[in-house]
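In the text below, chain A, chain B and the rest are named by the order of the sequence lines, each starting its count at 1. Atom set for the values below is all heavy atoms of this structure, side chains included, hydrogens, waters and symmetry mates excluded.
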Number of protein chains: 2
Amino acid sequence: MLAGTDSPQSATAPRTTATGEANRERILDAALARFARTGLSGTRIDEIAADAGLSKTNLLYYFRTKNALYLAVLRRTLEMWLEPLRQIDAGRDPQAALAHYVTRKLEAARDCPEASRLFALEVMRGAPMLSGMIAGDLKDLVDAKVALLRHWQAEGRIGVHEPHHLLFHIWAMTQHYADFAVQVEGLTGRTLDDPAFFEQALQAILAAVSGMAFGPPKD
Amino acid sequence: MLAGTDSPQSATAPRTTATGEANRERILDAALARFARTGLSGTRIDEIAADAGLSKTNLLYYFRTKNALYLAVLRRTLEMWLEPLRQIDAGRDPQAALAHYVTRKLEAARDCPEASRLFALEVMRGAPMLSGMIAGDLKDLVDAKVALLRHWQAEGRIGVHEPHHLLFHIWAMTQHYADFAVQVEGLTGRTLDDPAFFEQALQAILAAVSGMAFGPPKD
DNA sequence: ACCACAATTGATCAGATGGTCAAGCGTGTG
DNA sequence: CACACGCTTGACCATCTGATCAATTGTGGT
């Protein structure tokens, strides 16, 4: 048997099956939808199982505990959250880079508001399961981008506000449309799915960013 | 007995006592702190009772159910949230009015982040207990302020972005420091309690608002 | 002192819910 | 065909937790 060594299904990794993978995906999707709305403690695993079309016991076959499932969802979603930030790089014009970032973030808020809400809930709980990531990967990435913004500042290509706040405010404005979607819709009757509304929001955010990064010297 | 009629302690309202009122206050304070961090379902009423220095049974004497307590906390907090918005009125200079509003909101985020978090959690759940208020009082107030902003627009005293977004973004940026305090502190090592940090945040937000409301025509 | 009622307690219940267990089913591979 | 192993199920358990109840204590007013 040649296959023995390079398909390490021994002990650690169970043999991956078509149905198995499909089920895992469906569970993760259903779990994200539920967790993002009702939080960890407010979600029952039998609800998730029902949404995914499985029995509770069967769900527990794929994820041993509710917490493990929650962690898996969190991990899978993290990359989606970080990825747009990576794209701010030194090779671009600052204004174009920021505009691109804002657009990406607002698109993410429109296309996957659950991801935004999940992280918001987790952070608001005190991020007991993300504290490592916030202090680790996220901080490293943010520090790098802050350094880049400071570099642009030194070159006089963007304004003088503390870069951290610029990032925070971009996050805040874009994620607001995901996290507070109910309120936004309740007050305006519209959604980011409405292209005109999306464009309004985008332009307002870009104006705000311009005010922070490229605004006129306020004398 | 003259007093009989105008102190209506008959049937409906139980006689209000010093200890009773004090306990109610302590319970509401403790409940706000807990609910704002772990949400409705994630909070046990015996935790709240312990924080307030009472037994669980005794807490249930003052608030019949967990839900009733949650609602009471929500109601008591709502006014704190709305009040700054009321102060934007036609009698002021637009720029001063907006700057004042932003300052008030950021102070609220610093001085009572729990209130902000409580509402954020509730809205993210879909606001099942606030839907009435969002569609009612809040919408009326927001509509009125939006009308005022439109009036200022017509007079050419502020910029041309849709007023709703201006309000949303002010809420988003200010509340971000309360709702995501853990993340902000994790990434910067600082808090709004640090006066210098507060001032940085405030100036950045004011610059953003200027960009939206008083920005240069982007030609 | 007495009374009415607020305040407080401990025991206890009932339902919800996360998780376990042992057994059966399906399917691809030797 | 038969074996192995992933998949699925239903019954069951243990615990947590919101809520109830009866009984006792404290207290202000007359």
For A:His169, what residues pass the ring pair (Phe, Tyr, Trp, His ring centres under 6.0 Å) criterion, not counting sequence neighbours?
B:Tyr177

State which residues pass side-chain hydrogen bond (donor to acceptor under 3.5 Å, both in side chains) with A:Asn67; sequence neighbours excluded, sorted by chain then number.
none

I need the residues from residues 34-52 of chain A with at least one non-hydrogen atom less than 4.0 Å from DNA chain C; give them sorted by number, or say none.
A:Thr43, A:Arg44, A:Ile45

Please identify each residue that fulfils side chain to side chain contact (heavy atoms under 4.5 Å, CB included) with A:Leu141, with sequence neighbours left out.
A:Leu82, A:Leu85, A:Arg86, A:Lys145

Could you check if a side-chain atom of A:Phe168 sits within less than 4.5 angstrom of a side-chain atom of A:Val142, using non-hydrogen atoms only?
no

Just jot down the side-chain hydrogen bond (donor to acceptor under 3.5 Å, both in side chains) partners of A:Gln87, sequence neighbours excluded, or say none.
A:Glu83, A:Arg104

Quick one: side chain to side chain contact (heavy atoms under 4.5 Å, CB included) partners of B:Asp137, sequence neighbours excluded?
none

Nearest-Å distance for atom pair CD1/P, residues B:Ile27 and C:dA7:
10 Å

Tell me, which of residues 55-71 of chain A have any heavy atom that sits under 4.0 Å from an atom in DNA chain C?
A:Lys56, A:Thr57, A:Leu60, A:Thr65, A:Lys66

Considering only distance and modelled atom types, tabulate donor-acceptor pairs under 3.5 Å from the side chains of residues 123-131 of chain B, sequence neighbours left out.
from     : atom 1 : to       : atom 2 : distance (Å)
B:Arg125 : NE     : B:Glu122 : OE1    : 3.4
B:Arg125 : NH2    : B:Glu122 : OE1    : 3.0

Just to confirm, is there a sub-4.0 Å distance from OP1 or OP2 of C:dA6 to any side-chain nitrogen or oxygen of B:Asn23?
no

Could you list all the side-chain hydrogen bond (donor to acceptor under 3.5 Å, both in side chains) pairs where at least one residue sits in residues 56-66 of chain A, not counting sequence neighbours?
A:Asn23-A:Tyr62

side-chain N/O B:Thr17 vs C:dA7 OP1/OP2, d < 4.0 Å
yes

